[in-house]
Amino acid sequence: MAKQNIDWANIGFGYMTTGERFVSNYKDGKWDDGVMTTDASVTISECAGVLQYAQTCFEGMKAYETCNGKIVVFRPDLNAQRMEDSCKRLEMPVYPKEKFVEAVCNVVKANRDFVPPYGTGATLYIRPYMFGSGPVIGVKPSTEYQFRIFTTPVGPYFKGGAKPITIKVSDFDRAAPHGTGHIKAGLNYAMSLHAIVTAHAEGFDENMYLDAATRTKVEETGGANFLFITKDGKVVTPKSDSILPSITRRSLMYVAEHYLGLEVEQREVYFDEVKDFAECGLCGTAAVISPVGKIYDHGNEICFPSGMEDMGPVTRKLYETLTGIQMGKIEAPEGWIKEIN
Ligand SMILES: *Cc1c(COP(=O)(O)O)cnc(C)c1O
């Protein structure tokens with residue numbers, strides 16, 4: 001099939017219906033075989049567990065065309081594992097990991113004319129998700145579930161270069177100790193909407209959340225993990241049980257150590273030490289790394305030496321190496337790139 005006639009470089013990050021999506025239902029204790037469908041609508045009970053008690057989790061990853069014209073997905077096995085972890089915490093049935101990866105590949109294959117061409121910066125975003133579809137009125141897990149995967153093309157995250165952003169230390173908490181911050185649950189996002197709308201209204205791009213118990217340690221933003229670079233070039237990322245384990249962050253830490261020969265550290269990061277770092281970035285599937293230029297904390301500003309014009313030099317190296325691996329220009333570690341045939 002021919003590529004869709006889309007202005008790939010200018011589509012932004014929004015939802016667009018594509019050709020086919022995958023649907024599988026869980027009932028009587030087991031998953032059915034699942035089907036591909038052109039129907040983009042979901043019909044469920046008015047009393048479905050997802051609608052009443054938010055029993056739902058999701059994943060996010062991308063398919064894209066490499067410099068050799070191959071269509072690939074980046075580390076979908078890690079998304080499958082993370083969704084398993086999310087499901088277990090939410091008392092939802094696990095969708096088998098091998099079948100998850102197979103379904104992701106099938107959905108991408110079915111929508112290959114929506115995979116943006118190499119060089120446009122655009123990608124095909126893949127959204128697997130699961131929700132309680134059976135009725136529950138007393139608070140308990142649903143007995144029926146639906147697992148779906150749709151795709152939607154998204155534009156380049158940075159148009160005209162990655163400009164550093166300004167973030168604020170939030171007065172809201174993202175995740176409680178021993179709560180659900182480490183899983184990819186919709187509920188973590190529902191309660192963050194007020195905080196992000198407030199931050200935007202105040203002129204900030206994102207929120208930095210501190211640990212809820214002591215408000216002294218850096219956690220993450222609403223949807224991305226932090227990476228810091230020390231003045232002597234070490235890569236530091238916060239460690240906490242309430243941070244969502246970003247696949248991009250884990251990949252960047254590997255790249256820092258094994259491709260760039262940098263020292264890496266995953267440890268508790270106190271907010272008090274943030275002013276001493278040389279560079280700061282946010283990592284996630286959407287942008288890979290968004291450079292942070294400035295952090296606003298109740299009247300005090302932390303301005304990183306990397307400034308407000310460009311990514312810092314180490315952040316840039318990390319960004320270029322990981323995107324080079326993803327785009328097929330740099331050899332990938334074993335198992336990172338799943339080719340769609
Ligand atoms: C999805 C997500 C991330 C980024 O994870 P990636 O696997 O790198 O896309 C970071 N923080 C939160 C809260 C998330 O939901």
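Just the heavy atoms: all of them, side chains too, but no hydrogens, waters or symmetry mates, feed the values below. All ligand and atom numbering here is 1-based and tracks the order in the structure.
The side-chain heavy atoms of K97 and D77, taken from C-beta on, include no pair separated by under 4.5 Å. A heavy-atom distance below 4.5 Å is found between the side chains of D310 and R316.
Aromatic pair F226/F228: centroids less than 6.0 angstrom apart. The aromatic ring centroids of Y125 and F13 lie less than 6.0 Å from each other.
Put simply, the residue from K70, K3, R112 that forms a salt bridge (Lys or Arg N to Asp or Glu O under 4.0 Å) with E65 is K3.
The closest donor-acceptor contact from the side chain of S24 to the backbone of D32 lies under 3.5 Å.
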Atom pairs, nitrogen or oxygen, ligand 1 to protein, under 3.5 angstrom:
residue	atom	partner	partner atom	Å
ligand 1	7 (O)	R82	NH1	2.8
ligand 1	7 (O)	R82	NH2	3.1
ligand 1	7 (O)	I247	N	2.9
ligand 1	8 (O)	S246	OG	2.6
ligand 1	8 (O)	I247	N	3.3
ligand 1	8 (O)	T248	N	3.0
ligand 1	8 (O)	T248	OG1	2.6
ligand 1	9 (O)	T285	N	3.0
ligand 1	9 (O)	T285	OG1	2.5
ligand 1	11 (N)	E220	OE1	2.6
ligand 1	11 (N)	A224	N	3.4
ligand 1	15 (O)	K184	NZ	2.7
ligand 1	15 (O)	Y189	OH	2.4

